[in-house]
Asker: 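Structure provided below as structure tokens; questions to follow.
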Amino acid sequence: MKLSRPVRRTPPETIIALIDVVFFLLVFFMLIGRMDATAPFEVRPATAITGSDMPAGGATLSIGITGTLALDGTEKDAPALLDALSAQLEADPELLVRINAHRDAVMADLLPLVAEIEALGARDIVLVVTPESP
Amino acid sequence: MQLTRKAAPRQLISLVPMIDVMLILLVFFMVTSTYLNLDMVPVVDRAEQPASQASGSGTTILVRIGADGAPYVRGRAQTPEGLADLVRLGLAENPLMSVVLLPSSRATTQALVGTMDTLTTAGATRLRLMRLEGQP
């Protein structure tokens with residue numbers, strides 16, 4: 001009679017370590033990122049080394065290279081954008097207005113808009129910049 | 001004799017669906033996110049004083065930004081270093097000196113931000129952005 005040695009089962013790999021890693025990565029990406037609506041067109045902010053940290057919240061107004069406008073990720077024309085912003089400012093007079101203008105957008109598109117937003121009552125208007133070189 | 005039924009072992013909750021969900025969430029965040037390092041430069045600040053108070057007893061220097069993006073002081077084009085030196089000199093004479101920026105309507109945002117960067121690096125803290133009404 002031939003006796004065969006039973007095949008030894010290898011212990012299953014523990015998946016706890018994998019879950020830990022995946023969970024840490026997930027939490028990392030959720031914490032370091034700030035969810036923000038991106039403009040429906042390309043916007044590359046100007047480079048500046050003296051910019052300060054940007055607080056969360058507020059309304060984001062994007063200006064494309066050709067002067068196209070968007071508010072919180074939705075493309076709008078100037079009157080519609082100002083109406084929407086006016087409603088937001090009525091609800092929250094302390095609203096921070098971030099202007100994310102393309103680095104090649106001209107002042108003719110930017111400055112009149114800043115003046116109109118200021119006339120709506122906005123007290124905090126900031127220009128979005130990036131410390132990174134292009 | 002009392003017969004006791006052996007308690008059935010508790011069914012373990014499978015972790016596999018949870019891992020699947022977490023992986024899907026992770027991939028979603030990694031793929032859909034665009035990570036940008038963004039800062040801000042104030043354009044209108046609530047703490048800003050009215051022009052009459054801001055200028056105070058200090059002098060004012062007007063910096064025009066041309067359509068070519070170069071800063072002009074008293075009609076002369078300046079390099080960033082030249083502008084910084086002018087501002088440093090002005091601030092040494094009068095620490096309350098304020099700088100008024102008048103960009104051309106055809107100047108780019110980068111030109112404005114670059115000039116503001118130069119002025120801030122040179123020590124100017126009283127910056128005002130000006131626009132001519134009716135400028136196209």
Side-chain angles (χ1 to χ4, degrees), chain A residues 15-16 18-19 21-30 32-36 38 43-55 58 63 65 94 96-112 114-115 117-118 122-132 134, chain B residues 14-16 18-48 65-67 69 101-122 124 127 129-136:
Chain A
I15 53 169
I16 303 295
L18 173 78
I19 300 168
V21 170
V22 170
F23 200 74
F24 275 120
L25 281 171
L26 182 64
V27 171
F28 171 76
F29 279 107
M30 289 175 79
I32 66 155
R34 193 181 64 197
M35 302 296 253
D36 206 350
T38 50
V43 177
R44 292 170 64 202
T47 311
I49 53 168
T50 54
S52 49
D53 285 340
M54 192 157 48
I63 304 176
I65 193 167
E94 304 292 311
L96 169 76
V97 181
R98 287 190 298 259
I99 300 183
N100 190 13
H102 194 287
R103 65 182 60 184
D104 294 326
V106 291
M107 290 297 108
D109 294 325
L110 176 71
L111 293 184
V114 171
I117 296 168
E118 200 178 354
R123 283 180 278 178
D124 265 344
I125 306 175
V126 298
L127 200 56
V128 176
V129 294
T130 177
E132 290 157 4
Chain B
S14 172
L15 287 173
V16 176
M18 191 183 92
I19 302 164
D20 289 350
V21 169
M22 287 206 309
L23 263 171
I24 289 169
L25 279 172
L26 179 66
V27 171
F28 170 79
F29 280 114
M30 287 173 77
V31 169
T32 63
S33 306
T34 311
Y35 287 92
L36 296 169
N37 189 4
L38 297 178
D39 282 343
M40 64 168 200
V41 171
V43 179
V44 175
D45 194 347
R46 75 179 81 183
E48 210 171 330
I65 303 173
L101 275 170
L102 177 62
S104 156
S105 60
R106 281 172 292 152
T108 61
T109 307
Q110 180 61 64
L112 170 70
V113 171
T115 308
M116 287 170 87
D117 230 15
T118 305
L119 295 168
T120 309
T121 311
L127 290 181
L129 191 56
M130 207 167 83
R131 175 180 82 96
L132 293 179
E133 281 293 332
Q135 204 176 17

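Below, chain A is the first sequence line, B the second, and so on; all start at residue 1. Computed from a predicted model, the values in this text were never measured in an experiment.
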Asker: Working to the nearest 0.5 Å, report the span between CG of A:Asp53 and CG of B:Asp39.
Answerer: 5.5 Å
Asker: Please flag which part of B:Leu23 lies under 4.5 Å from any non-hydrogen atom of chain A: side chain, backbone, both or neither.
Answerer: both
Asker: Give the intermediate values and the outcome of side chain to side chain donor-acceptor pair (under 3.5 Å) for residues B:Thr108 and A:Asp104.
Answerer: CA-CA 5 Å; B:Thr108 61; A:Asp104 294 326; 5.0 Å; no
Asker: Give the minimum heavy-atom separation between B:Leu26 and A:Leu25, together with the two atoms involved.
Answerer: CD1-CB, 3.5 Å
Asker: Considering only heavy atoms, which portion of A:Val114 lies under 4.5 Å from any heavy atom of chain B: side chain, backbone, both, or neither?
Answerer: side chain
Asker: If you count heavy-atom pairs under 4.5 Å between each of B:Met18, B:Met116, B:Gln110 and chain A, which one has the most?
Answerer: B:Gln110
Asker: Do you know which two heavy atoms are closest between A:Val129 and A:Gly51, and how far apart they sit?
Answerer: CG2-CA, 4.3 Å
Asker: Backbone N or O of A:Ala105 within a donor-acceptor pair of the B:Thr109 side chain at under 3.5 Å?
Answerer: yes
Asker: Looking at B:Gly69, B:Gly114, B:Ala111, B:Ala107, which one has more heavy-atom pairs under 4.5 Å with chain A than the rest?
Answerer: B:Ala107
Asker: Who wins among A:Val128, A:Ile49, A:Leu110 for the most heavy-atom pairs under 4.5 Å with chain B?
Answerer: A:Ile49
